Colleague: 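There's a structure below that I have some questions on.
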Amino acid sequence: MIRKLFQQMVASQIVSAMAVTLCLLIDSIMIGRFLGVDAMAAYSLTNPVLLAFAAFGSLLSTGIQVVCSKAMGTGDEQKINRCFSLSIIVAVVFSLIGVAVVLIFSGQLTSLLGAEEGTEVYRLTKRYLIGFVIGAPAFVGAQILVPFLQMSGQRVRLVTAVLTMTVVDIIADLLNVFVFKWDTLGMGLASTLSYFVAVCIGVVYFFQKKCVYKFTRKDLGNGLFKEMAMGGIPTVVNQISLVLLVFIINRTMLRVGEAAAVAAYSVVSTVANLGYCLGNGISEVSLMLTGIFYIEEDEKNLKEIVKQQTWFAVVIDAAVMVLFLIFAGLLAKLFVFPGDTPEEILRAEQTVSYATVGLRMFAICLIPSSINAAFKKYYQAIGQIRFSEILSVVQNLAFPALVVLSLGNIFHANWGANAGTIGVWLSYVIGETLTLLFIAIYVKKKSGHKFCSLDSFACLPAGFGAAKGESLEMVITKPEDVGAAAVAATEFCKNKGENAKKTMYTSLCIEEMANNILEYGFKDGKNNRIDIRLVRKENDDLIIRIRDNCEGFDPVNYYEMAKPDMNDPARHIGIRMVFKMVKDVKYVNSLGLNNLTVKI
């Protein structure tokens, strides 16, 4: 089921990851084509502020996924609802504070970003900041809605929201250029409008009866925000590292190639942000699935996640890499206004030349970049928080900054501006390669397994999961499989020395619940299946995890609702029998799957 889940989730998650970057990409193209190199440089200088808001949104988004994936693994639906409610409150409060701070101190912030007061670049930078920051609540809101929509299986809605947002932004940008003529302020406002439209499309689901989340004001304390924040800290470290790297590269580019080099970096970083969505999409799927299976101590599926995230990273990024290598020149020209005067034409040609080389360098690093991103989230989900944070720093700051400050300045001093920019671009390839090597060396030392082996990269602690022979996995796709599964469960229990009563309860529970799903959940023409995992714990409890991809059905809630009819012995006999036999039952619907955990 892991491969199928990856296939179902990766496309929508990649598109969702683009929600933050698509508007910025469109603004970058429109600014470069219609407003000139100064406006492009101004846009580039605002990136640290945009990334800072993205860092806050990512803190919540990742924290949500970490907390909710663990809650899914234990069947704690109430905790998911508390996380949902608290994240909305925190996002609204903090984004409004951020808006106020940027608006009040916009001048000082513009100077801090490197724009010299009194210049055209200063004016344009300040105006873009003001236009964009008004949409910060929607910008952050879009990021926190994505995991909840993904977990509830609303993948079509996600894609619709992002596509609509893109269309709205293009139309608004064109209106700004040809009608309103508000230069960079209008571009920022266009992004603001498009983010609010996307959020409105997503929010509609949460007001529908079929919504699986319930807003609550109860128990929002008890360390829940701390738990979310701790889960999101590796992502914040990642974003802060990126902010510092962008600052370092902007300063270096101003020194080695002046405004044309900064504008070229704006082109490359904007396209790179879109390219990184591939790795981010894969890594977010990995984070969500790993969190669930790690709580379930499912070693087999965790190793399968490592394989699938690597496979998808290689296949998807290889195709995109080829396209970038071929069309780098055309992509660069999309962003750059050709100019009217000889001086403008020369600066535009320099910008395109610099950006073309940079895009090709970036293309080469795509595969290792996506693999590194996926492993960061995987290690975060299995509790290797410190290692995940270290990876963020070395991947997005330490290794690339070292290359920028050394090769960028050395190449510039010896061979001129063009060589200096190449020294900067090399930070992409060298930084990602060194990071992947760093991962391989660390996990080999940590796990003690063979270098670059699946066991090594999985990096699971000794004794993790059910002991050998203490678990049984079964797949049901047709009625005949149910009997076979019940027989297999009976044999498993007998071999483990379980008493006749416990053995019978286990077999009956699997048989009854599976038949129920087959009868009411399986649909003609759908590739439905039931995955069953039976685990014998050290305390002699037997745990049955039943997962299916049918229409949502909560047997726990159904049982509570059916209690008034319990006087009739013929009604709800199957579900009544199961609930009488078991010690505990928990249900949660996530990722479009029904997840039932039964303790015998």
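Nothing here was measured: the structure is a model prediction, and the numbers come from that model.
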Colleague: With no hydrogens and no angle check, is any side-chain donor or acceptor of S286 less than 3.5 Å from a backbone partner on I282?
Modeller: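 Checked: no pair found.
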
Colleague: Can K303 and E299 be said to form a salt bridge (charged side-chain N to carboxylate O under 4.0 Å, His left out), step by step?
Modeller: CA-CA 6 Å; K303 289 181 180 178; E299 182 179 3; 3.2 Å; yes

Colleague: Do you know which two heavy atoms are closest between L278 and V320, and how far apart they sit?
Modeller: CD1-CG2, 3.6 Å

Colleague: What are the two closest heavy atoms between I80 and F148, and how far apart are they?
Modeller: O-CE2, 4.5 Å

Colleague: Salt bridge check, E498 against R536: does any charged N sit closer than 4.0 Å to a carboxylate O?
Modeller: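 Answer for the salt bridge query: yes.
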
Colleague: Look at the side chain of N528 and the backbone N and O of D548, then say whether any donor-acceptor pair between them is shorter than 3.5 Å.
Modeller: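 Looks like no, no N/O pair under 3.5 Å.
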
Colleague: Could you grab the distance from atom CD1 of I476 to atom CD1 of I532, nearest 0.5 Å is fine?
Modeller: 3.5 Å

Colleague: Could you tell me whether E470 and K496 have a side-chain N and a carboxylate O separated by less than 4.0 Å?
Modeller: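 Yes.
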
Colleague: If you take the centroid of each ring, where Trp contributes its six-membered ring, are F56 and F94 closer together than 6.0 Å?
Modeller: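 Yes, close enough.
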
Colleague: Do I441 and L437 touch side chain to side chain, with heavy atoms closer than 4.5 Å?
Modeller: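 Sidechains of L437 and I441: in contact.
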
Colleague: Counting only heavy atoms from other residues, nucleotides and ligands, does the tally under 6.0 Å from NZ of K446 exceed 12?
Modeller: no

Colleague: Is the distance from the ring center of F215 to that of F207 below 6.0 Å?
Modeller: no

Colleague: What heavy-atom pair brings E389 and P234 nearest, and what distance separates the two atoms?
Modeller: CG-CA, 3.8 Å

Colleague: Give the minimum heavy-atom separation between M474 and A485, together with the two atoms involved.
Modeller: SD-O, 3.4 Å

Colleague: Answer yes or no: is there a donor N or O on one side and an acceptor on the other, between the side chain of N594 and the main chain of P555, under 3.5 Å?
Modeller: no

Colleague: Grab the two heavy atoms, one from V598 and one from C509, that are nearest each other, plus how far apart they are.
Modeller: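 Where V598 meets C509 most closely, the heavy atoms are CG1-SG, 3.9 Å.
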
Colleague: Is there a side-chain contact between L302 and T290, using heavy atoms and a 4.5 Å cut-off?
Modeller: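 They are in side-chain contact.
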
Colleague: Atom NZ of residue position K307 - does it have more than 12 heavy atoms of other residues, nucleotides or ligands inside 6.0 Å?
Modeller: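 12 or below, so no.
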
Colleague: Taking the side chain from N549 and the backbone from R529, do they hold a donor-acceptor pair closer than 3.5 Å?
Modeller: yes

Colleague: With a 4.5 Å limit on heavy-atom distance, are the side chains of N372 and L391 in contact?
Modeller: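 No, every pair of side-chain atoms sits at 4.5 Å or beyond.
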
Colleague: Would you call the rings of F139 and Y195 parallel, tilted or perpendicular, taking 30° and 60° as the class edges?
Modeller: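 The arrangement is perpendicular - the two ring planes meet at more than 60°.
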
Colleague: Using every non-hydrogen atom in the two residues, find where L542 and L534 come nearest and quote the distance to one decimal.
Modeller: CD2-CD1, 4.2 Å

Colleague: Check the orientation of Y378 and F375. Use parallel for under 30°, tilted for 30 to 60°, and perpendicular for over 60°.
Modeller: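 Rings of Y378 and F375: perpendicular, as their planes differ by over 60°.
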
Colleague: Please determine whether a side-chain nitrogen of the Lys or Arg among E227 and K79 lies less than 4.0 Å from a carboxylate oxygen of the Asp or Glu.
Modeller: yes

Colleague: Quick check against the 3.5 Å criterion: does R157 have a side-chain atom that pairs as donor or acceptor with the backbone of I201?
Modeller: yes

Colleague: Would you call I430 and F399 a side-chain contact if the rule is heavy atoms closer than 4.5 Å?
Modeller: no

Colleague: For V67 and L224, run side chain to side chain contact (heavy atoms under 4.5 Å, CB included): C-alpha distance rounded to whole Å, both residues' side-chain angles, the deciding distance at 0.1 Å, then the answer.
Modeller: CA-CA 9 Å; V67 172; L224 181 59; 4.3 Å; yes

Colleague: How about M230: does its CE atom have over 12 heavy atoms from other parts shown lying under 6.0 Å from it?
Modeller: no

Colleague: Ignoring hydrogens and geometry, is there a side-chain-to-backbone donor-acceptor pair from D584 to K599 under 3.5 Å?
Modeller: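 The answer is no, because no donor-acceptor pair under 3.5 Å joins these two groups.
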
Colleague: Anything under 30° is parallel, anything over 60° is perpendicular, the rest tilted; go ahead and classify F84 against F206.
Modeller: parallel

Colleague: Run L287 and T62 through side chain to side chain contact (heavy atoms under 4.5 Å, CB included) and show every step you take.
Modeller: CA-CA 8 Å; L287 174 66; T62 305; 3.7 Å; yes

Colleague: Quick one: does I439's side chain get under 4.5 Å of Y379's, heavy atoms only?
Modeller: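 Yes, close enough: below the 4.5 Å cut-off.
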
Colleague: Look at the side chain of N81 and the backbone N and O of T216, then say whether any donor-acceptor pair between them is shorter than 3.5 Å.
Modeller: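 No: the side chain of N81 does not pair with the backbone of T216.
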
Colleague: Is it the case that the side chain of S69 and the backbone of V66 share a donor-acceptor pair, with hydrogens and angles ignored and the cut-off at 3.5 Å?
Modeller: yes

Colleague: Between the side chains of D531 and R533, is the shortest nitrogen-to-carboxylate-oxygen separation below 4.0 Å, so that they form an ion pair?
Modeller: no

Colleague: I'd like to know if the side chain of Y587 reaches the main chain of F553, judged simply by a donor and an acceptor atom lying under 3.5 Å from each other, with no hydrogens or angles considered.
Modeller: yes

Colleague: Quick one: sort the Y205 and Y213 rings into parallel, tilted or perpendicular, breaks at 30° and 60°.
Modeller: perpendicular

Colleague: Among Q380, K376, K377, whose side chain to side chain contact (heavy atoms under 4.5 Å, CB included) with S283 holds?
Modeller: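 Only one option passes, and that is K377.
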
Colleague: Around E473, counting heavy atoms of other residues, nucleotides and ligands shown, do more than 12 lie under 6.0 Å from its CD?
Modeller: yes

Colleague: Is there a side-chain contact between K502 and I600 (heavy atoms, below 4.5 Å)?
Modeller: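 Contact flag for K502/I600 side chains = yes.
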
Colleague: Would you check if the side chain of N516 reaches a backbone N or O of E512 as a donor-acceptor pair within less than 3.5 Å?
Modeller: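 Not confirmed, N516 side chain does not pair with E512 backbone.
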
Colleague: Report yes if the side chains of V10 and I316 come closer than 4.5 Å at any heavy-atom pair, otherwise no.
Modeller: yes

Colleague: Could you tell me whether E551 atom CD has more than 12 heavy atoms of other residues or ligands within 6.0 Å of it?
Modeller: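 No, not enclosed.
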
Colleague: Do E284 and Q150 have side chains that get closer than 4.5 Å, going by heavy atoms?
Modeller: no

